[in-house]
Amino acid sequence: MRRFATLTIAPVLAGILAITLASAPADARAANGAMDEYALTEAAADLAPNRFLWTDARVDGAVSVLISIPDQRAYVFRGQTLIAASTVSTGTDDKPTPTGTFTILQKKAMHRSNLYDDAPMPYMQRLTWDGVALHAGRNPGFPASHGCVRLPSAFAKKLFEATQLGATVEVTDMAYVSGGGAPLGGERGLDPLLASR
């Protein structure tokens, strides 16, 4: 009798777990790896400022980042698999974030701006030698930086730990579409047309 009860209860518990994951907040589902690329992209569209999603998907490949200026979102890929998304704050119209394909030139856990009153730039990942970087900072949900890409602090830390020097970061003035693929570069090599921008 006890064996029968265990066999009957197990499928019920599995069903409850599946329902719980499906109705859980997007960030909880992402942390459990329960989101595919489409679901992650859809959930990212509804993120409030200063929020992010990061799956623990077990996939291989180099980490690359796609920054969509119109979306005000960062999309992180491991190989060709989307594993994370975050709100960002890019440059204003007066000081825009440049578009193109970049590589991470320098990483520094605690950096201070050489251009803007020694402002803190935690988890800085330099994209250009003239001052554009990914870093933790004020993330109001709209363009508000001097050209850098500001990230939520916890996301900036995770991204800093996941990337390596030379990782590809593509900044685009187009919206991201689920299934659009990872940025050019990384394991496939830079597209010569994008690399020359």
Side-chain angles (χ1 to χ4, degrees), residues 44 49-55 59-69 71-140 142-174 176 181-197:
N50 214 35
R51 304 289 294 169
F52 70 94
L53 304 167
W54 195 291
T55 69
V59 291
D60 293 327
V63 171
S64 59
V65 183
L66 175 67
I67 307 294
S68 170
I69 292 173
D71 292 350
Q72 288 295 286
R73 298 288 184 270
Y75 301 94
V76 182
F77 297 82
R78 186 173 293 281
Q80 292 298 309
T81 304
L82 180 65
I83 61 167
S86 175
T87 59
V88 301
S89 182
T90 58
T92 62
D93 288 341
D94 294 342
K95 295 193 183 276
T97 301
T99 60
T101 302
F102 305 90
T103 57
I104 296 175
L105 302 170
Q106 179 186 35
K107 292 175 62 158
K108 194 170 179 185
M110 190 53 225
H111 179 73
R112 293 201 166 269
S113 174
N114 300 324
L115 302 173
Y116 299 104
D117 300 322
D118 207 32
M121 299 169 65
Y123 306 109
M124 184 276 296
Q125 299 188 70
R126 185 178 300 281
L127 301 181
T128 70
W129 290 115
D130 61 351
V132 177
L134 307 173
H135 65 84
R138 187 172 148 265
N139 191 259
F142 54 84
S145 81
H146 291 106
C148 284
V149 179
R150 294 182 191 161
L151 310 168
S153 293
F155 177 80
K157 182 179 182 190
K158 285 181 80 82
L159 186 62
F160 187 88
E161 293 167 351
T163 59
Q164 296 181 358
L165 290 176
T168 301
V169 178
E170 186 175 341
V171 181
T172 180
D173 56 6
M174 298 187 328
Y176 175 71
L184 297 174
E187 296 169 346
R188 298 183 309 177
L190 289 175
D191 180 317
L193 294 175
L194 290 176
S196 65
R197 286 188 197 173

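Along the sequence shown, the residues carry numbers beginning at 1.
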**Request:** Evaluate the criterion side-chain contact (heavy atoms from CB on, under 4.5 Å) for residue pair Arg126 and Lys108; output intermediate values, then yes/no.
**Result:** CA-CA 9 Å; Arg126 185 178 300 281; Lys108 194 170 179 185; over 6 Å; no
Side-chain donor-acceptor pairs of residues 83-90 under 3.5 Å, sequence neighbours excluded:
{"from": "Thr87", "atom 1": "OG1", "to": "Asn50", "atom 2": "N", "distance (Å)": "3.0"}
{"from": "Thr87", "atom 1": "OG1", "to": "Arg51", "atom 2": "N", "distance (Å)": "3.4"}
{"from": "Thr87", "atom 1": "OG1", "to": "Arg51", "atom 2": "O", "distance (Å)": "3.3"}
{"from": "Thr87", "atom 1": "OG1", "to": "Asn139", "atom 2": "OD1", "distance (Å)": "2.7"}
{"from": "Ser89", "atom 1": "OG", "to": "Phe142", "atom 2": "O", "distance (Å)": "2.7"}
{"from": "Ser89", "atom 1": "OG", "to": "Ala144", "atom 2": "N", "distance (Å)": "3.1"}
{"from": "Thr90", "atom 1": "OG1", "to": "Gln72", "atom 2": "NE2", "distance (Å)": "2.7"}

What distance separates [X] [atom1] from [Y] [atom2], expressed to the nearest 0.5 Å?
{"X": "Lys158", "Y": "Leu151", "atom1": "NZ", "atom2": "CG", "answer": "13.5 Å"}
{"X": "Glu170", "Y": "Thr101", "atom1": "CD", "atom2": "OG1", "answer": "4.0 Å"}
{"X": "His146", "Y": "Asp94", "atom1": "NE2", "atom2": "CG", "answer": "9.5 Å"}
{"X": "Ile104", "Y": "Met124", "atom1": "CD1", "atom2": "CE", "answer": "10.5 Å"}

Of the non-hydrogen atoms in [X] and [Y], which two are nearest, and what is the gap between them?
{"X": "Gln80", "Y": "Phe77", "answer": "O-CD2, 4.1 Å"}
{"X": "Gly131", "Y": "Cys148", "answer": "O-SG, 3.4 Å"}
{"X": "His135", "Y": "Ala156", "answer": "C-CB, 4.4 Å"}
{"X": "Gly147", "Y": "Pro98", "answer": "O-CD, 4.2 Å"}
{"X": "Tyr176", "Y": "Asp71", "answer": "N-OD2, 2.9 Å"}
{"X": "Phe102", "Y": "Val171", "answer": "CE1-CG2, 4.0 Å"}

**Asked** Got a sec, which residues hit side-chain hydrogen bond (donor to acceptor under 3.5 Å, both in side chains) with Lys107, two or more places apart in sequence or on another chain?
**Response**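 For Lys107 the side-chain hydrogen bond (donor to acceptor under 3.5 Å, both in side chains) partners, ignoring immediate neighbours, are Thr163.
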**Message:** Suppose we screen for side-chain hydrogen bond (donor to acceptor under 3.5 Å, both in side chains). Which residues come up paired with Thr128, at least two apart in sequence or across chains?
**Reply:**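 Asp130.
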**Prompt:** Above 12 or not: heavy atoms from other molecules or residues under 6.0 Å from CD of Gln164?
**Reply:**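 No, the 6.0 Å shell around CD holds no more than 12 heavy atoms from other groups.
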Judged by atom type as modelled, is there a donor-acceptor pair below 3.5 Å linking the side chain of [X] to the main-chain atoms of [Y]?
{"X": "Ser68", "Y": "Met174", "result": "yes"}
{"X": "Asp173", "Y": "Thr99", "result": "no"}
{"X": "Thr92", "Y": "Pro143", "result": "no"}

**Item:** Residue from Leu127, Thr172, Thr97, Val169 passing side chain to side chain contact (heavy atoms under 4.5 Å, CB included) with Ile67
**Value:**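 Among Leu127, Thr172, Thr97, Val169, the one meeting side chain to side chain contact (heavy atoms under 4.5 Å, CB included) with Ile67 is Val169.
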**Request:** Tell me, please, which residues at least two apart from Ser153 pass side chain to side chain contact (heavy atoms under 4.5 Å, CB included).
**Result:**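 Ala136.
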**With Tyr123 via ring-ring contact (aromatic ring centres under 6.0 Å, His included) - residues at least two apart** =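 With neighbours one apart ignored, the set is Phe160.
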**Message:** Angle between ring planes, Phe155 versus Phe52, binned at 30° and 60°: parallel, tilted or perpendicular?
**Reply:**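 Tilted.
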**Message:** So Val149 and Val65, do their side chains get closer than 4.5 Å, heavy atoms only?
**Reply:**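 Not touching, per the 4.5 Å side-chain cut-off.
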